[in-house]
Amino acid sequence: MRYALRFVSLGYVAALLAVPVGLVFYRTFEHGFWPAWHAITSPDAVHALKLTLLITAIAVPLNTAFGVLAALVVVRYRPPGAGVMNAVVDLPLALSPVVVGLSLLILYGRGGWLGGHNVLFALPGMVLATVFVSLPFVVREVVPVLREVGTDQEQAAATLGASALQTFGRVTWPAIRWAVAYGVVLTTARSLGEFGAVSVVSGHLVGRTETLTLLVQDRYQDFDAAGAYAASVVLAMLAIVTLLAMTRLRPKEEAR
């Protein structure tokens, strides 16, 4: 029974993940390395990669700072409405990214409440969409850690005369830093792979507002299978790097 369960589990993972991803790698390099290299080094592909990394570089620090502050508010301070805030943080996990993009389109579009600010079909709108869909990860990693460590050490530091900033830097931060790092990795993975919300607000302007995920779709729809496969491999490699980072951080977090 034990080996049967292993076989079923590994077969399920292989059917849903390993075989499709392996096929993408095979299709990318079946005609050699250089066709794939030329596909991913074209000006549009390079711009899409740079734009994807730029959006991620903006969204991740914002969500990291918000996540740590929100976790402290929810666990330590518990102001009125903290329960509502705790529930709202999980909204991006339940809400379709397409709905998020449509909401931004209604809010910032022509005739919207905040229309006329050049947010849509430009970098600001894409950043807003990415920030929203990747919002919960740091919060959800830090909250249980704060609850686990309690407040005894923080109260002792305050009794000894430490300021709130000193208490955070010397007591709270060392306790939550690996949880924050793990949340950052998850946020990065979500930001790199975001498609639905960004697709709605970007406008698919080639060479301007096209991220790497949008490039894969556009290349495939234009019957450029080699370009689509090559861009997919780049996304897969970024995902593998993220997975390795998660694997490296997990033992440290579990040992905490």
Side-chain angles (χ1 to χ4, degrees), residues 44-45 47-71 73-74 79-143 183-184 186-222 228 231-232 235 238-239 242:
D44 292 338
H47 181 273
L49 176 60
K50 289 181 179 179
L51 182 60
T52 301
L53 296 177
L54 175 61
I55 293 173
T56 302
I58 296 173
V60 171
L62 290 176
N63 278 340
T64 301
F66 170 81
V68 173
L69 292 174
V73 168
V74 169
V84 176
M85 178 181 176
N86 191 35
V88 170
V89 165
D90 288 332
L91 187 61
L93 297 176
L95 198 62
S96 170
V98 175
V99 176
V100 175
L102 182 60
S103 301
L104 292 175
L105 192 65
I106 294 173
L107 183 62
Y108 292 100
R110 184 175 301 175
W113 291 351
L114 300 175
H117 292 283
N118 297 321
V119 173
L120 295 179
F121 313 130
L123 180 63
M126 301 170 74
V127 170
L128 283 175
T130 304
V131 166
F132 185 87
V133 299
S134 60
L135 183 69
F137 297 105
V138 174
V139 182
R140 286 296 158 247
E141 292 297 324
V142 175
V143 164
V184 166
L186 294 175
T187 304
T188 301
R190 188 67 180 88
S191 301
L192 289 172
E194 171 51 30
F195 175 80
V198 170
S199 177
V200 175
V201 302
S202 69
H204 287 252
L205 303 178
V206 178
R208 293 180 57 189
T209 62
E210 188 176 57
T211 61
L212 206 54
T213 53
L214 301 181
L215 178 71
V216 173
Q217 182 194 41
D218 291 343
R219 289 286 173 88
Y220 195 79
Q221 289 179 344
D222 291 340
S232 299
L235 284 172
L238 292 173
T242 303

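Atom set for the values below is all heavy atoms of this structure, side chains included, hydrogens, waters and symmetry mates excluded.
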Check side-chain contact (heavy atoms from CB on, under 4.5 Å) between [X] and all other residues, then give those that pass, not counting sequence neighbours.
| X | value |
| --- | --- |
| Val206 | Asp44, Glu210 |
| Leu128 | Leu104, Tyr108, Val119 |
| Leu212 | Ala48, Leu49, Thr52, Leu215, Ala231, Val234, Leu235 |
| Phe195 | Ser199, Thr213, Leu214, Gln217 |

Are the side chains of [Y] and [X] in contact, using a 4.5 Å heavy-atom criterion?
| X | Y | result |
| --- | --- | --- |
| Leu93 | Phe137 | yes |
| Val184 | Thr187 | no |
| Thr130 | Thr56 | no |

Shortest non-hydrogen contact from [X] toward [Y]:
| X | Y | answer |
| --- | --- | --- |
| Val139 | Gly67 | CG2-CA, 3.3 Å |
| Ser202 | Thr209 | O-OG1, 2.7 Å |
| Ala70 | Met85 | CB-CE, 3.3 Å |
| Ala71 | Val142 | CB-CG1, 3.6 Å |

In chain order, what residues pass the salt bridge (charged side-chain N to carboxylate O under 4.0 Å, His left out) check against Asp90, with sequence neighbours excluded? Arg140
Atom CZ of residue position Phe121 - does it have more than 12 heavy atoms of other residues, nucleotides or ligands inside 6.0 Å? yes
Can you sort out the partners of Glu194 under side chain to side chain donor-acceptor pair (under 3.5 Å), two or more places apart, ordered by chain and number? Arg190
Pairs under 3.5 angstrom only: tabulate donor-acceptor contacts from the side chains of residues 58-66 to other protein residues two or more places apart or in another chain.
unit_1, atom_1, unit_2, atom_2, d
Asn63, ND2, Val131, O, 3.1
Asn63, ND2, Ser134, O, 3.2
Asn63, ND2, Ser134, OG, 2.8
Thr64, OG1, Val60, O, 2.7

Any side-chain hydrogen bond (donor to acceptor under 3.5 Å, both in side chains) involving residues 95-104? Give me the pairs, sequence neighbours left out, ordered by first then second residue. none
Separation of [Y] [atom2] from [X] [atom1] (nearest 0.5 Å):
| X | Y | atom1 | atom2 | answer |
| --- | --- | --- | --- | --- |
| Met126 | Thr211 | CE | OG1 | 5.0 Å |
| Leu123 | Leu51 | CG | CG | 6.5 Å |
| Thr242 | Leu186 | OG1 | CG | 9.0 Å |

